[in-house]
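Shown next, in structure tokens, is the structure this report addresses.
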Amino acid sequence: MIVDLHTHSTVSDGSDAPSRLVRLAVERGLGALALTDHDTQEGWEEAAQAALGTDLELIPGVELSLDYPSGGMHLVVLWLTPGPGPLQDHLLELQEGRVTRNAEIVATLGELGMPITVAEIDEEAGAGSVGRPHIAAVMARKGYVPDITTAFELWLGHGRPAYADRLRLAPDEAIRLARESGAVPILAHPHTLGITTDTAMADLLTDLRAWGLVGLEAVYATYRRHEREGYSDLARRFDLIPSGGSDYHGTYKTGLELGCGYGDLAVPGSLLDELRSHAAGR
Ligand SMILES: [Zn+2]
Ligand SMILES: [Zn+2]
């Protein structure tokens with residue numbers, strides 16, 4: 001059985017509606033699909049409806065960007081039951097932080113001679129939370145950049161001229177809240193942490209594990225085989241379960257498909273079973 005434990009829909013920065021993600025997962029014969037939109041579980045109802053009567057195991061989740069100085073630390077949280085709860089109650093605040101940040105980016109782009117409006121990015125995003133990929137798409141459409149990737153490389157990425165920070169949870173707090181919610185926190189795509197030495201990585205994983213981290217995303221779409229093996233070994237060394245997913249965003253990540261990534265991704269269902277054993281009441 002193959003599963004996909006990291007995906008985004010239109011309620012954050014993916015291009016496919018939650019129901020379409022479910023249909024694609026069923027068509028491709030996936031055993032399980034986790035919906036992990038940024039800071040929001042608004043897609044859950046629609047996805048759950050679409051999954052009714054299918055054999056697909058649909059897992060409610062979310063992806064959080066954490067406060068970490070040296071790079072991008074993302075946390076994929078699985079089996080987070082939608083509704084009130086320790087972590088769930090923070091999601092609205094995090095979404096509001098995105099709105100403030102988007103306004104800041106739009107203002108900076110204006111100063112840099114690339115005027116766009118908040119209305120334009122809202123329209124690009126449709127319903128749900130609005131993020132930098134939507135801003136990048138508007139920039140590309142208006143001819144300021146050739147494509148979304150370039151928009152990030154030149155202007156929107158961390159440390160670039162139009163970058164703006166936003167409200168984030170600290171890693172220890174996010175992990176603690178996830179566990180208190182009965183959910184399973186997983187460190188996403190560790191290459192974005194900006195860590196360059198084995199010692200630094202070991203120190204970090206020791207801390208994260210002590211705070212309650214359960215998994216580390218090792219089987220990731222952009223990783224080559226030796227990287228997937230390396231990160232899986234690393235996870236096991238620190239008593240973490242290797243997890244995996246495509247980080248599917250629809251047309252916002254060209255060529256990346258649900259379940260199979262760039263063609264060579266296959267996250268085994270056995271990892272899902274291991275992860276599930278740490279979710280409350282599963
Ligand atoms: Zn991420
Ligand atoms: Zn993601």
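Order of listing sets the numbers, starting from 1, for every ligand and every atom in it.
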Please name the atom of [X], restricted to N, O or S, that is closest to the Zn ion (ligand 1).
{"X": "His189", "answer": "NE2"}
{"X": "His74", "answer": "ND1"}
{"X": "Glu63", "answer": "OE2"}

request  = Indicate yes or no: does Arg166 engage Asp39 in a salt bridge with an N to O separation below 4.0 Å.
outcome  = yes
inquiry  = Using a strict threshold of under 4.0 Å (side-chain N to carboxylate O), is an ion pair present between Glu274 and Arg236?
reply    = yes
task = Among the N/O/S atoms of Asp247, select the one at the shortest distance from the Zn ion (ligand 2) and name it.
result = OD1
task = Provide the closest heavy-atom pair for Gly85 versus Ser181 in the form atom of the first, atom of the second, distance.
result = C-OG, 4.5 Å
ask   = Atom OH of Tyr223 and atom CG of Leu265: how far apart are they, to the nearest 0.5 Å?
value =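 Between atom OH of Tyr223 and atom CG of Leu265 there are 11.5 Å.
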Apex the Zn ion (ligand 2); atoms His8 NE2 and His6 NE2; angle rounded to 10 degrees =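 The angle at the Zn ion (ligand 2) comes to 110°, rounded to the nearest 10°.
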ask   = Less than 6.0 Å separating the ring centroids of His8 and Tyr252?
value =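 Between His8 and Tyr252, the centre distance exceeds or equals 6.0 Å.
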